[in-house]
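The residues of the chain are indexed from 1 along the displayed sequence. What you are looking at is a predicted structure, and each value in this text was computed from that prediction instead of being measured.
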Amino acid sequence: MKNHKILSVLAIGVATMFSFGCAEDFLSTSPITQKTDISYYTTAEEAQEALVGCYDGLQLMSANCMGLFLAPEMCSDECLGGSGTNDGSGYPDLNRFNNNWSYNQNLFENDWKNTYKALNRINTLISKIDQIQGWSSAEEKNNVLSEAKFLRAFCYFYLVRVFGTCPLLDKPTSEIVPNSSYQEIYALIFSDLKEASENGSEDASAARYGHANKWAAKALLARAYLYYSGYYGEEPAGCSKSDAIKAVDDVVNSGKYALQNPYTLWPASAQFKNVAEGGKFQDAYDGLSQYAYAGESNPDFIFSIRHSHLGNYNGNTESCNWIDDISIRNLDKVNKANKTYGYQKGWGICTVSKYFFDSFAANDERKKSSILDCNTELGDDISNSTIGSDVQEYTGYHVKKYMVLSDLIDPTAYAVVVANPDADFQIGNAQDYVQIRFADVLLMQSELNENTDGMNKVHENATGVANFYSAYNKEQLFQERAWELCFEGIRYWDMLRFDGLKGNFAYAVSKFKSEDVYKGATVKDVVDYNTANLVRHKGLFPIPTNQIALSNNMVKQNEGWVQESGE
């Protein structure tokens with residue numbers, strides 16, 4: 001999928017986007033080609049093109065949605081809100097669960113709209129699958145359908161975690177559709193994932209990287225089961241614990257995937273490590289270094305949302321646009337650090353919690369491969385910080401897994417260093433957003449079986465210490481998950497599901513520590529978390545009030561946010 005030419009047919013099926021009966025569309029509905037769903041979806045080639053359009057829908061979600069990365073990070077114990085001192089208090093308020101931001105209940109409107117745009121493309125393809133002719137084999141048809149079913153489950157799993165409830169559409173429609181229950185939404189999720197698990201491709205080769213295979217479906221099924229059973233404190237109707245155990249066992253036993261050194265998984269991490277070992281950041285791409293970047297199709301990555309450097313300001317969302325949000329503010333003013341490590345500047349959002357940074361053991365390679373310490377790496381003392389001079393909630397730590405590198409590395413290959421001063425650090429970010437990793441599967445396997453096997457494999461891979469865990473402990477497992485999967489949009493959902501609704505999210509509440517941070521260069525501030533709001537809102541985010549109004553109030557606000565909505 002990476003570096004493909006985005007065809008005009010990507011938006012085929014948008015013509016049938018439902019409008020919820022409003023003059024102002026509930027979702028965008030205009031076709032961008034002369035073809036419509038009547039004249040399209042006739043050949044296998046067109047089906048494959050339409051499938052590209054479905055994946056492009058995920059790309060749109062990844063590039064522009066708050067809830068896929070930014071909110072789950074700044075609402076976890078890994079990150080603070082950050083951002084510029086003149087950017088308002090929105091991100092710090094979100095991070096602290098303050099109500100100030102809640103009056104803008106359309107903060108997640110792009111999440112809602114873009115996910116339904118993706119769903120419309122997916123549902124249209126699924127609904128047309130039987131009219132398509134010229135398949136090369138039954139396997140080709142099964143693969144296309146299975147990938148579409150995976151993508152639909154992915155989208156609804158995202159919506160139900162973020163909002164708690166939403167309209168459930170399994171086909172294109174122009175009807176006004178009210179919210180469905182979480183049970184109904186998960187029933188479709190599990191049904192789609194079971195079908196994708198049974199009929200999807202077994203191919204995990206680099207040639208099909210970016211496509212969801214049966215192993216990705218099995219891994220997502222286990223993740224959905226663990227979230228449902230943890231958050232709601234009950235067993236789902238569509239998936240049993242034994243189903244989830246078999247799913248992760250199948251992935252592990254497939255022999256398709258393997259753990260990798262933490263430094264080699266992320267471009268910026270590999271660049272840093274090569275400099276730390278006495279070389280240059282370019283050595284990360286020569287294939288000779290012990291810490292060479294493993295590439296985006298490495299054996300740990302099971303499924304990613306693909307991106308390229310071809311983004312622009314005219315609606316092309318090829319680039320992973322939130323990477324510049326979280327990269328280092330004012331980096332260009334500090335010791336030419338980008339010339340040393342290959343990093344590029346950003347806007348300073350999602351500063352990393354010192355409490356989280358300090359939780360890693362000194363021998364844990366995930367500490368420095370995941371987190372950038374501006375003091376030790378860039379010589380920027382937090383007590384007199386240039387980087388933090390206009391950053392809110394500045395801690396001196398930034399996310400390293402995802403870092404702007406756009407104007408220093410050839411974005412088509414992450415290999416050739418080029419002088420490209422015209423590259424835009426905001427729209428040239430080619431790094432894919434990883435959604436499912438083999439390390440996560442091993443940790444889920446330990447959790448489901450309540451043993452230390454997967455935990456110890458993951459921990460040893462990062463520290464070199466074998467058999468670190470002698471007995472299974474749920475809290476230790478979740479801490480291992482935090483270290484391994486930090487900044488991958490997972491930790492917040494883990495915090496919610498640890499004891500869930502029935503436990504009043506006591507685990508999550510206990511993890512928010514008041515700590516000193518720096519506003520600007522010298523002014524200390526204490527983070528005061530209003531975790532009572534997290535509990536009252538059930539960890540959910542508000543359904544956009546604009547979308548509720550456009551549905552003629554057929555769509556209802558989720559229960560935790562009704563009071564703030566005035567309903």
- Query: Would the number of heavy atoms belonging to other residues, nucleotides or ligands and lying under 6.0 Å from NZ of Lys141 be above 12?
  - Reply: yes
- Message: Is the shortest side-chain heavy-atom distance between Pro236 and Tyr182 below 4.5 Å?
- Response: no
- Would you please indicate if the ring centroids of Trp266 and Phe301 are separated by under 6.0 Å? yes
- Item | Gap between atom OG1 of Thr124 and atom NZ of Lys171 - 0.5 Å precision | 12.0 Å
- When you check the gap from the basic side-chain N to the acidic O, do Glu46 and Lys128 get nearer than 4.0 Å? no
- Message: Looking at Arg152 and Glu195, is any side-chain nitrogen of the basic one under 4.0 Å from a carboxylate oxygen of the acidic one?
- Response: no
- Message: Suppose we call two aromatic rings close when their centres sit under 6.0 Å apart. Are Tyr231 and Phe505 close by that rule?
- Response: yes
- Whether Ser62 side chain and Leu58 backbone form a donor-acceptor pair below 3.5 Å: no
- Query: If we ignore angles and hydrogens, is there a donor and acceptor under 3.5 Å between the side chains of Tyr209 and Asp432?
  - Reply: yes
- Task: Identify the heavy atoms of Leu151 and Leu51 that sit nearest to each other, and give their distance.
- Result: CD1-CD1, 4.4 Å
- Task: Hey, could you give me the CG/CH2 distance between Asn546 and Trp112, rounded to the nearest 0.5 Å?
- Result: 12.0 Å
- Straight-line distance of Thr115 OG1 to Asn120 CG, nearest 0.5 Å: 12.5 Å
- Does any non-hydrogen side-chain atom of Ile189 lie less than 4.5 Å from one of Val160? yes
- Query: Where do Ile305 and Phe154 come nearest, in terms of heavy atoms and distance?
  - Reply: CD1-CZ, 4.2 Å
- Ring-face cation contact, Tyr227 with Arg223, 6.0 Å cut, 45° max: no
- Other residues, nucleotides, ligands: >12 heavy atoms within 6.0 Å of Glu559 CD: no
- Message: If you count every heavy atom of other residues, nucleotides or ligands that lies below 6.0 Å from Glu45 atom CD, does the total exceed 12?
- Response: no
- Message: Before you tell me yes or no, could you show the steps for Lys241 and Ser229 under side chain to side chain contact (heavy atoms under 4.5 Å, CB included), namely the whole-Å CA-CA distance, both residues' side-chain angles and the distance that decides it to 0.1 Å?
- Response: CA-CA 9 Å; Lys241 185 176 183 178; Ser229 58; over 6 Å; no
- Item | Which atom of Trp215 lies closest to which atom of Ala204, heavy atoms considered | CD1-CB, 4.4 Å
- Message: For the backbone of Gln547 and the side chain of Lys113, can you confirm whether one donor and one acceptor N or O come within less than 3.5 Å of each other?
- Response: no
- Distance col, row Glu480:CD vs Asn456:CG, nearest 0.5 angstrom, shows 8.5 Å
- Message: Can you see whether Asn213 engages Glu202 through a side-chain donor-acceptor pair at a distance of less than 3.5 angstrom?
- Response: no
- Task: Using only heavy-atom distances, determine whether the side chains of Glu235 and Tyr228 contain a donor-acceptor pair under 3.5 Å.
- Result: no
- Looking at Ile436 and Ala216, what are the two nearest heavy atoms and their distance? CD1-O, 3.7 Å
- Task: Please name the pair of heavy atoms, one in Gln260 and one in Leu265, separated by the smallest distance, quoted to 0.1 Å.
- Result: CB-CD2, 3.7 Å
- Are any non-hydrogen side-chain atoms of Pro262 and Asn461 less than 4.5 angstrom apart? yes
- Query: Ser180 side chain to Pro167 main-chain N or O, any donor-acceptor pair under 3.5 Å?
  - Reply: no
- Query: Under the ring-ring contact (aromatic ring centres under 6.0 Å, His included) test, which residues partner Phe498, sequence neighbours left out?
  - Reply: Phe478, Tyr507
- Item | Criterion side chain to side chain contact (heavy atoms under 4.5 Å, CB included) on Arg306 and Tyr55, from CA distance to verdict | CA-CA 8 Å; Arg306 308 222 64 186; Tyr55 281 102; over 6 Å; no
- Could you tell me whether the side chain of Phe150 reaches within less than 4.5 Å of the side chain of Ile122, counting heavy atoms only? no
- Are any side-chain N or O atoms of Ser254 and backbone N or O atoms of Val251, one a donor and one an acceptor, separated by less than 3.5 Å? yes
- Message: Check whether Asn451 reaches the backbone of Asp453 with its side chain - one donor and one acceptor, N or O, closer than 3.5 Å.
- Response: yes
- One should read off an interatomic distance between Arg161 CZ and Tyr156 OH, to the nearest 0.5 angstrom, of 15.5 Å
- Tyr472: partners by ring-ring contact (aromatic ring centres under 6.0 Å, His included), with sequence neighbours left out: none
- Message: Does any part of the side chain of Asp325, heavy atoms only, come nearer than 4.5 Å to the side chain of Leu70, both counted from C-beta?
- Response: yes
- Message: Hydrogens and angles aside, do Ser240 and Asp243 bring a side-chain donor and acceptor to less than 3.5 Å of each other?
- Response: yes
- Identify the heavy atoms of Val399 and Cys79 that sit nearest to each other, and give their distance. CG2-SG, 4.3 Å
- Full working for side chain to side chain contact (heavy atoms under 4.5 Å, CB included) between Trp322 and Ile349: CA-CA 9 Å; Trp322 53 260; Ile349 295 171; over 6 Å; no
- Checking Ser297 side chain against Ala206 main chain: does a donor-acceptor pair fall under 3.5 Å? no
- Task: Show your working on side chain to side chain contact (heavy atoms under 4.5 Å, CB included) between Asp203 and His211 and close with a plain yes or no.
- Result: CA-CA 9 Å; Asp203 189 351; His211 289 267; over 6 Å; no
- Rounded to the nearest 0.5 Å, what separation is found between the CG atom of Leu68 and the CD atom of Glu73? 10.5 Å
- Task: Report yes if some heavy atom in the side chain of Tyr492 is under 4.5 Å from a heavy atom in the side chain of Glu78; otherwise report no.
- Result: no
- Message: Is it the case that the side chain of Arg481 and the backbone of Leu443 share a donor-acceptor pair, with hydrogens and angles ignored and the cut-off at 3.5 Å?
- Response: no
- Query: Below 4.0 angstrom, N of the basic side chain to O of the carboxylate: do Glu234 and Lys502 qualify?
  - Reply: no
- Query: How about Val177 and Leu168: do any of their side-chain heavy atoms sit closer than 4.5 Å?
  - Reply: no
- Identified ring pair (Phe, Tyr, Trp, His ring centres under 6.0 Å) counterpart of Phe108 within the set Tyr158, Phe541, Trp561: Phe541
- Message: Side chains of Gln183 and Tyr232: any donor to acceptor distance under 3.5 Å?
- Response: no
- Give a yes or no answer on whether the side chain of Arg121 reaches the backbone of Gly53 with a donor-acceptor pair at less than 3.5 Å. yes
- Can any side-chain N or O of Asn473 pair as donor or acceptor with the backbone N or O of Glu475 at less than 3.5 Å? yes
- Task: Indicate yes or no: at least one non-hydrogen side-chain atom of Leu145 is less than 4.5 angstrom from one of Asn199.
- Result: no
- Spell out, as yes or no, whether a donor-acceptor pair under 3.5 Å connects the side chain of Asn558 to the backbone of Thr165. no
